[in-house]
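Report on the following structure.
Every chain is numbered from 1, with letters handed out A, B, ... down the list of sequences.
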Amino acid sequence: MINPLTGRVHTSYHQAVTATGRLSSTDPNLQNIPVRNDEGRRIRQAFIAGKGNRIVAADYSQIELRIMAHLSQDKGLLDAFAHGEDIHRATASEVFGVALDKVSGEQRRSAKAINFGLIYGMSAFGLSRQLNIGAGEAKRYMDLYFERYPGVLRYMENTRQLAASKGYVETLDGRRLWLPDINSSNAIRRKAAERAAINAPMQGTAADIIKRAMIAVDDWLQQRNDGAIRMIMQVHDELVFEVQGDEVESASEQIRALMEGSMKLDVPLQVEVGVGENWDEAH
DNA sequence: ATTCAAGGCGCG
DNA sequence: AAAGCGCGCCTTGAAT
């Protein structure tokens, strides 16, 4: 798939494919390159910067949970992000009733599964399977969570209700996801539509935010007009750049500022920037 | 030779 | 009965 003119592999991004407003990537898909284990990371090491350049990877930290905090206005969640806490640790501390510095690895793992599950509209049954625990225990975790973060429970209920009455849900920038099954008499279809209704505002707003950032970055690079900094990939919550060696430091800070300032939420947006000879090292 | 669906698996 | 959102690519087996 190397282009003979450039000597490089070029993906195609599609702006009008996904239901939530994300981009998709094809021929090849560069949004599912392995990374979660050592063998995968060796593949990522094949994505290298040209001579004298570096790969700069900038990704949003916990962006969907931050959006959940903003949309739900849950006090505890807003506070945790305002104070820059490790969100999974903070959740574990609340749910399991232990001090922040007394959270065990197991407890943090469980809290992380709860946090991710919430974004996807997961049920207690799903959580029990994810964590390999009993149904009763999983239900207690969920109940405890919603007791500690009542704003999130309210938000979930509101979202279901709003989706049912209007037939769609919206992102912060107004992208609508229509949900024809939301009032289906078939409970399986209806539940699936409810999960999509809960997920779409968070996944979709994250897409709104990074698209705004990409436009801001592009404006900046157009003005520079020297080609020393190039935006070369997008992976949903991450932008990847190829940057001339002597520009890496200033570019990193400008990229961070543009991404973090892309949209003003009631929680700070946080961007982690890494630099390396290859895509793996840049993480 | 091409198309389609389903199952499996990679990523966020 | 199903049970966690959003994608794309590969293989398999069947149909065209």
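- With respect to A:R175 and A:E170, no salt bridge is recorded, no charged nitrogen being found less than 4.0 Å from a carboxylate O.
- Between the side chain of A:Q203 and the base of C:dC5, a donor-acceptor pair under 3.5 Å is found.
- Mapping A:A196 and A:F125 onto DNA chain C by nearest heavy atom places A:F125 at the nucleotide closer to the 5' end.
- Salt bridge A:K139/A:D143: present, at least one basic N to carboxylate O contact under 4.0 Å.
- The phosphate of C:dC7 has neither OP1 nor OP2 within less than 4.0 Å of any side-chain N or O from A:T18.
- With hydrogens and angles ignored, no donor-acceptor pair under 3.5 angstrom links the side chain of A:R195 to the base of C:dG6.
- Of the candidates C:dC9, B:dG12, B:dG10, the closest approach to any side-chain atom of A:D27 belongs to C:dC9.
- A distance of 4.5 Å separates CE in A:M214 from CE in A:M231, rounded to the nearest 0.5 Å.
- Between B:dG8 and C:dA1, the distance separating the two C1' atoms is 23 Å to the nearest Å.
- The side chain of A:I188 sits closest to C:dA1 out of B:dG12, C:dA1, C:dG8.
- B:dA5 and C:dA3 have their C1' atoms separated by 23 Å, with the value rounded to a whole Å.
- Across all strands shown, A:D59 has no heavy atoms under 4.0 Å from either base or sugar-phosphate atoms.
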Exercise for review: For salt bridge (Lys or Arg N to Asp or Glu O under 4.0 Å), just list the numbers for A:K211 and A:D173, CA-CA rounded to whole Å, side-chain angles, deciding distance to a tenth of an Å, and then say yes or no.
Suggested key: CA-CA 11 Å; A:K211 284 177 177 174; A:D173 273 338; over 6 Å; no
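- Regarding A:I119, its CD1 atom lies at a distance of 14 Å from the P atom of C:dG6, rounded to whole Å.
- Nucleic acid contact class of A:R129 (heavy atoms, under 4.0 Å, all strands): none.
- Checked against the 6.0 Å centroid threshold, A:Y149 and A:Y145 count as a close aromatic pair.
- Listed pair A:R22 / C:dG6 fails the phosphate criterion, with no side-chain N or O lying under 4.0 Å from OP1 or OP2.
- For A:N29, taking side-chain heavy atoms from C-beta onward, the closest of the listed nucleotides B:dC11, C:dG8, C:dA3 is C:dG8.
- Distance from the side chain of A:P34 is smallest for B:dG10 among the nucleotides C:dA3, B:dG10, C:dC9.
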